[in-house]
Amino acid sequence: ADEYMIIDLESHTKDDVMLLQKKICKKIEEFIISEKYKVVFTISTGIIYAKMLLKYYDEYRKIAVFSLKQAKSMGGNGVYFFEKEDYELFLRKEKIKSALRNAVANGFEGFDVYYQPIMDCDSGHMIGAEALMRFSMYQDKKKEPVSPVEFIPLLEETGLILPAGRYVLDKAVSMCHEMRQYIPEFKINVNISYIQMVKSDIWKDILSSIKQYDLPPECLCAELTESGYTDMTPYFYKLRKKFEEKNLQFVLDDFGTGFSNLHCIVNMKPNYVKLDNDFTAKAMSNARDFELLKKIVEMVHSIDIRICIEGIEKEEWYQKLKEIHVDYLQGYLFGKPCEKNQFLNKFIFHCTDQENLTDL
Ligand code: C2E
Ligand code: CA
Ligand code: CA
């Protein structure tokens, strides 16, 4: 077809190989010009060590295919030199993707939903929780937890975020229903990926889910990050309107890490914004960053929007934020994300006194 393998036993360095690659490119360019641009080619070049290929043909053929694929993904005329680490990462991703596919096909085996409390800063009372997806791969009957930072992008890449997101939504709404027996105003926050927004009628899913459990729409907060929406501000506004019409809550997650400015936020009108863990940690260890955090809180409040600060790990951080009138808090200090039953035991059955929740 249009793929060729050149085994060059004369080249010994990367420079040698690049010289050969340039020579080929030049010839092809000359050909294109001589054909008066009736045909246009670009060439992608994946490079591996020939000696290895000769020794372990089968395995290294796969590596050659991988290297070419990498070069192609770099765009026209890409050149990629094989790196073992890239290949290992690729294999790991393929393994996780296959485990995710199997898990979704097998009734979400290996998936779980954890919950982390969200506190009212002023009173220290729990007002709700954030639902966080968990996934473990099974190999030789051994369970290996995979970090959401690793598997969520793969769910998005494969489109599996649609069924997996529905699974989380259903579990989360059911948990909220249970919690409202003890805390009537309890709200549940669910993370929604950009893909879920464009490829599914997410508000319909949400509405049918809360109807099933007989809950009011305002008990569900959809957490959206702005990062996926760069250059799509009008689309974001449209979604926002839909949420408002249906009385669903909308929270802007990872606030300050994307493109948002005051104008965007005024138009988006989130019910509240969430400031990321990384920002909190920086602000707590550096006076200038804390000043910035203070200004952000003032700014957000000045346009009548509330703010939740994530990543609260120490009591003194909590006290500092209380002084500047932050609205909501979330972090290990109040509780690490845990399974539903653990959550109930910790926050409802073992400690019914709301005053003491922050001591847990
Ligand atoms: P996120 O939405 O920003 O969630 C907060 C993350 O901070 C969680 O990480 C949580 O475990 C962690 N965290 C909470 N308190 C503290 C603290 O005091 N200190 C520190 N250092 N970290 C804290 P997690 O569970 O690993 O989730 C990572 C990300 O994966 C989430 O970030 C979210 O973007 C995504 N994610 C999780 N579940 C879902 C889901 O169901 N759907 C979608 N689309 N994304 C999800
Ligand atoms: Ca979130
Ligand atoms: Ca966040």
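Both ligands and their constituent atoms are indexed starting at 1 by order of listing.
For atom 34 (O) of ligand 1, the protein comes within 4.0 Å by no heavy atom at all. At least one protein heavy atom sits closer than 4.0 Å to atom 4 (O) of ligand 1.
Within the structure, the closest approach of K336 to ligand 1 does not fall below 4.0 Å when heavy atoms are considered. Residue G311 places a heavy atom under 4.0 Å from ligand 1. At least one heavy atom of Q116 sits less than 4.0 Å from an atom of ligand 1. Distances shorter than 4.0 angstrom do not occur between any heavy atom of G165 and any atom of ligand 1. In this structure, R134 is part of the shell of residues with a heavy atom less than 4.0 angstrom from ligand 1.
Note: F349 and Y182 meet the aromatic proximity criterion, with ring centroids under 6.0 Å apart.
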Practice problem: Decide salt bridge (Lys or Arg N to Asp or Glu O under 4.0 Å) for E291 and R288; before the verdict, give the C-alpha distance in whole Å, the side-chain angles of both, and the deciding distance to 0.1 Å. | Solution: CA-CA 5 Å; E291 274 311 302; R288 276 183 64 151; over 6 Å; no
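Here the straight-line distance linking atom CG of L100 with atom CZ of F111 works out to 5.0 Å at 0.5 Å rounding. A distance of 9.5 Å separates CZ in R180 from CZ in F186, rounded to the nearest 0.5 Å.
The environment of NZ in K187 is crowded: more than 12 heavy-atom neighbours from other residues, nucleotides or ligands sit within 6.0 Å. For D86, the CG atom is densely surrounded, since the number of other residues' heavy atoms within 6.0 Å is greater than 12.
Heavy-atom minimum distance, D205 versus R166: OD2-NE, 3.3 Å.
D254 contributes OD1 as its N, O or S atom closest to the Ca ion (ligand 3). Closest to the Ca ion (ligand 2) among the N, O or S atoms of D253 is OD2. E130 contributes atom OE2 as its closest N/O/S atom to the Ca ion (ligand 2).
Checked by distance only, ligand 1 and E156 stay at 3.5 Å or farther apart across all their nitrogen or oxygen atoms. Taking only nitrogen or oxygen atoms, main chain and side chain alike, E223 does not reach within less than 3.5 Å of ligand 1. Between N277 and ligand 1, a contact under 3.5 Å exists for at least one N or O pair. Residue N191 has at least one N or O atom closer than 3.5 Å to an N or O atom of ligand 1. Polar contact check, A131 against ligand 1: no nitrogen or oxygen pair lies under 3.5 Å apart.
Geometry at the Ca ion (ligand 2): OE1/E223 and OD1/N191 form an angle of 90°, nearest 10 degrees.
Contact annotation: for E130 versus ligand 1, heavy atoms closer than 4.0 Å belong to the side chain alone. Residue-level proximity to ligand 1 for I312 is carried by the backbone, the only part with a heavy atom below 4.0 angstrom. Contacts with ligand 1 closer than 4.0 Å are made by heavy atoms of both the backbone and the side chain of L132. At a heavy-atom distance under 4.0 Å, only side-chain atoms of E310, from C-beta outward, approach ligand 1. At a heavy-atom cutoff of 4.0 Å, ligand 1 is contacted by the side chain of D253 but not by its backbone. Residue contacts with ligand 1 for P337 involve side-chain atoms from C-beta outward but no N, CA, C or O (heavy atoms, distance under 4.0 Å).
The atoms of ligand 1 that sit less than 4.0 Å from any heavy atom of M133 are 37 (C), 38 (N), 39 (C), 40 (C), 41 (O), 42 (N).
For K62 and E94, the salt-bridge test fails: no basic side-chain N is under 4.0 Å from an acidic carboxylate O.
Taking the side chain as every heavy atom from C-beta outward, M133 and P148 never approach each other to under 4.5 Å.
Ranking protein heavy atoms by distance to atom 28 (C) of ligand 1, first place goes to P148 CB, 3.9 Å.
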